[in-house]
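Encoded as structure tokens, the structure appears first; notes follow it.
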There are 2 protein chains.
Amino acid sequence: MEPAATVLDLNQLRRSCSSCALYELCLPAGIGGDDLDRLDATVKDKRTLERGAMLYRENDTFEALYVVRSGALKTFVQNEAGDMQILAFHLPGEILGFDALATNLHVSQAEALERSSICELPYAKLQQVTSEVPALHRQLMRVISREVVEEHRHLVMMGKQQAQEQLASFLHGLADRYQRLHRDGTALNLPMSRYDIANYLGLVVETVSRLFSRMEEMGVLEVNRKSVRILRPDLLAALCRTDTVSRRNDVG
Amino acid sequence: MEPAATVLDLNQLRRSCSSCALYELCLPAGIGGDDLDRLDATVKDKRTLERGAMLYRENDTFEALYVVRSGALKTFVQNEAGDMQILAFHLPGEILGFDALATNLHVSQAEALERSSICELPYAKLQQVTSEVPALHRQLMRVISREVVEEHRHLVMMGKQQAQEQLASFLHGLADRYQRLHRDGTALNLPMSRYDIANYLGLVVETVSRLFSRMEEMGVLEVNRKSVRILRPDLLAALCRTDTVSRRNDVG
DNA sequence: CGATCGGTTGAAACCAATCAACCTTTGTGG
DNA sequence: CCACAAAGGTTGATTGGTTTCAACCGATCG
């Protein structure tokens, strides 16, 4: 049975990796065969995190990059007073840990929002492979750059003056990411708490709660605790921007 | 006179690069001699931008990374409606252009806030050098990672619930960056407009203007148009956080 | 089952956005 | 060189959306 099991595992790996951020570290770069195997070999045994478990903390030494295989995580920073600011939510296929590249120490923290499975990419081994497979280097740069662009989206969201626009944009973006995972983009199952959403957007939890209710009244959403169904994607998209021309954002 | 001029130029180059983001692309990596020369050779002729001139626009093809030599720039994104969100202000020694690494197209725009001089690093040539000098690769990754961490600071700023905290944090951070440039960290000369500051922080210009006035009344600042003197750095630091324990940010 | 946590809703206070007026600086052209 | 226009900035009055404070509900968990 061993060969069959191996084939099965490989197939599953291929399948699960097809929606993975690492996918582009191989195929688009024209990598296959030995190179692909070599990259596969750098992926350490998967780790499983329970809800609330930390993947890394501030000041942890930089050991690896991580890819979410299943579940979801949040990354955040905390100041001396314990104030938290959530930087991102990470869904399956998304990569995290880049914050530590600069100093070799993590400057943020990563916590599982639910039971999650993580692929660990020890950076030392990854460096070795990328030095042997130059095409991988550019690919890795691309992935980091995507991280930068993703943060731009977060900044744009927070820059909106109306809380409703912020939440609409948040849900809209989440739906996009769900679809990219070949999930139903209209039936979101939010892994994060209302508190987390509020913090992510720079609001308080009551405001977020009220907005969910209001958007439900408007017929845009159907909210049931963590389960959010988007009834009117068109209206949701419209809510992402104010109709009135805002003086603040309008270009001079 | 030619040799003397060459020596002078080299010295000036060394001096101007000592406070440059690229500095760490050489020395800390233990690079010197030929390797350093090779890196220097990748720097294209400097460009000068007038106030309001664009360094790159959205959808421009990715040609190079840029380092501010003198002056200041802002990077921003614009949506279909023309709404702008400023992503960052770039002071001398700071690098920009990473947004295009992912897609080979710029997804943001860069505009000079005042007459600025720019070092251009053609990415093709840079790639060639980094492939020959592996140590440079890790250094370049470090620089991008710093970009990520810098954006985290922006997010934390925007996440603050009080506009005064946001502006205080902005000025505090700016003072830090001025000091890193060996400038006076208490005598800021803001290259950006009030409008830009407001947009960067997610506020409206009137609020920013009022806050400048209020902080002047409090004796924290001395404001004179673009010139801001920090009279009480201690008070400014205190204004960066609310005294009252906020429910939103406090960790659960 | 009680306690705790997460979430919702209401009422009130407050802060920032909005609208408006005005001032200063800058730049342009007669 | 002056006049005027345009842009940038400040200040006031008002509105309104979000925060704050509070109570309550439901789910989860030990």
Side-chain angles (χ1 to χ4, degrees), chain A residues 50-52 74 83-84 113-115 158-168 189-217 221-228 239 242-252, chain B residues 50-52 74 83-84 111 113-115 157-168 189-217 221-228 239 242-252:
Chain A
E50 295 301 322
R51 179 174 191 276
K74 67 177 172 187
D83 291 351
M84 172 177 76
L113 293 169
E114 58 189 25
R115 184 176 241 268
M158 291 188 90
K160 293 178 189 289
Q161 60 279 52
Q162 300 266 23
Q164 186 173 262
E165 289 176 68
Q166 296 184 52
L167 186 61
N189 216 307
L190 307 181
M192 72 292 288
S193 67
R194 298 285 191 270
Y195 179 94
D196 284 338
I197 296 174
N199 182 286
Y200 179 79
L201 295 173
L203 305 169
V204 294
V205 65
E206 295 94 328
T207 302
V208 170
S209 183
R210 271 184 253 272
L211 287 172
F212 269 119
S213 302
R214 192 200 297 177
M215 287 168 111
E216 196 166 22
E217 284 168 27
L221 304 177
E222 186 180 280
V223 183
N224 231 299
R225 202 160 170 67
K226 301 262 185 189
S227 151
V228 173
L239 290 180
T242 314
D243 290 325
T244 62
V245 178
S246 128
R247 290 184 306 148
R248 198 192 93 254
N249 290 328
D250 208 18
V251 86
Chain B
E50 294 301 322
R51 179 174 191 276
K74 67 176 172 188
D83 291 351
M84 171 178 77
E111 178 184 335
L113 293 168
E114 57 189 24
R115 183 175 243 268
M157 242 183 265
M158 291 188 89
K160 294 180 188 286
Q161 60 279 55
Q162 301 265 24
Q164 186 173 261
E165 290 176 67
Q166 296 184 50
L167 185 61
N189 216 308
L190 308 181
M192 71 290 288
S193 68
R194 299 284 191 269
Y195 178 94
D196 285 338
I197 297 174
N199 181 285
Y200 179 80
L201 295 173
L203 305 169
V204 293
V205 65
E206 295 96 325
T207 302
V208 170
S209 183
R210 270 184 251 275
L211 286 172
F212 270 119
S213 302
R214 192 200 295 178
M215 287 166 110
E216 195 166 22
E217 284 169 27
L221 305 177
E222 186 181 280
V223 183
N224 230 299
R225 202 157 169 69
K226 301 261 186 190
S227 150
V228 174
L239 290 180
T242 314
D243 290 326
T244 62
V245 179
S246 127
R247 290 184 306 150
R248 196 193 95 255
N249 291 326
D250 211 17
V251 84

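Below, read A as the first sequence line, B as the second, and so on, with proteins coming before strands; counting in each chain starts at 1.
Inter-residue side-chain proximity for B:Ile197 and B:Leu190 is flagged as met; some heavy-atom pair is nearer than 4.5 Å. When side chains are defined from C-beta on, B:Met84 counts as touching B:Lys74, because their heavy atoms get closer than 4.5 Å.
Atom-to-atom distance recorded for A:Asn224:CG and A:Glu216:CD is 7.5 Å, nearest 0.5 angstrom. For the atom pair OG of B:Ser209 and CG of B:Leu203, the computed distance is 12.0 Å after rounding to the nearest 0.5 Å. Put simply, NZ on B:Lys160 and CE on B:Met158 are 13.0 Å apart, with the number rounded to the nearest 0.5 Å.
Of the listed nucleotides (C:dA17, D:dT20, D:dT10), D:dT20 has the atom at the smallest distance from the side chain of A:Val204. The listed nucleotides are C:dG7, D:dT18, C:dG10; the one nearest the side chain of A:Arg210 is C:dG10. The side chain of B:Thr207 lies closest to C:dA16, out of C:dC19, C:dA16, D:dT19. Side-chain atoms of A:Gln161 lie closest to C:dT18 of the nucleotides D:dT11, D:dA22, C:dT18.
In this structure, B:Arg225 reaches the sugar-phosphate backbone alone: every heavy-atom distance under 4.0 Å involves primed, P, OP1 or OP2 atoms, never a base. Across all strands shown, B:Ser193 has heavy atoms under 4.0 Å from sugar-phosphate atoms exclusively, and none from any base.
The base of C:dC14 is not paired with the side chain of B:Gln162 by any donor and acceptor separated by under 3.5 Å.
Comparing the local axis fitted to the first five base pairs of the helix from C:dC1-D:dG30 to C:dG30-D:dC1 with the one fitted to its last five gives a bend of 40°, rounded to 10°.
For the pair A:Leu167 CG and D:dG17 C1', the computed distance is 15 Å after rounding to whole Å. Rounded to an integer number of Å, the gap from A:Gln166 CD to C:dA16 P is 15 Å. Atom C1' of nucleotide C:dT24 and atom OH of B:Tyr195 are separated by 20 Å, given to the nearest angstrom. If you take CD of A:Glu50 and P of D:dC29, they are 12 Å apart, rounded to a whole angstrom. When the C1' atom of D:dG12 is taken as reference, atom CD of B:Glu206 falls 11 Å away, rounded to whole Å. Residue A:Asn224 contributes atom CG, which lies 19 Å from atom P of D:dC25 at whole-angstrom precision. Between the CD1 atom of B:Ile197 and the P atom of D:dG8 there is a distance of 13 Å, rounded to whole Å. Residue A:Glu216 contributes atom CD, which lies 13 Å from atom C1' of C:dG7 at whole-angstrom precision.
The phosphate of D:dG9 has OP1 or OP2 within less than 4.0 Å of a side-chain N or O from B:Lys226.
Closest approach of A:Phe212 and A:Val228 over heavy atoms only: CE2-CG2, 4.0 Å.
With respect to B:Arg115 and B:Glu50, a salt bridge is recorded, a charged nitrogen being found less than 4.0 Å from a carboxylate O.
Of the residues near DNA chain C, B:Arg214 and A:Arg194, the one whose nearest nucleotide (by heavy atom distance) lies more toward the 5' end is A:Arg194.
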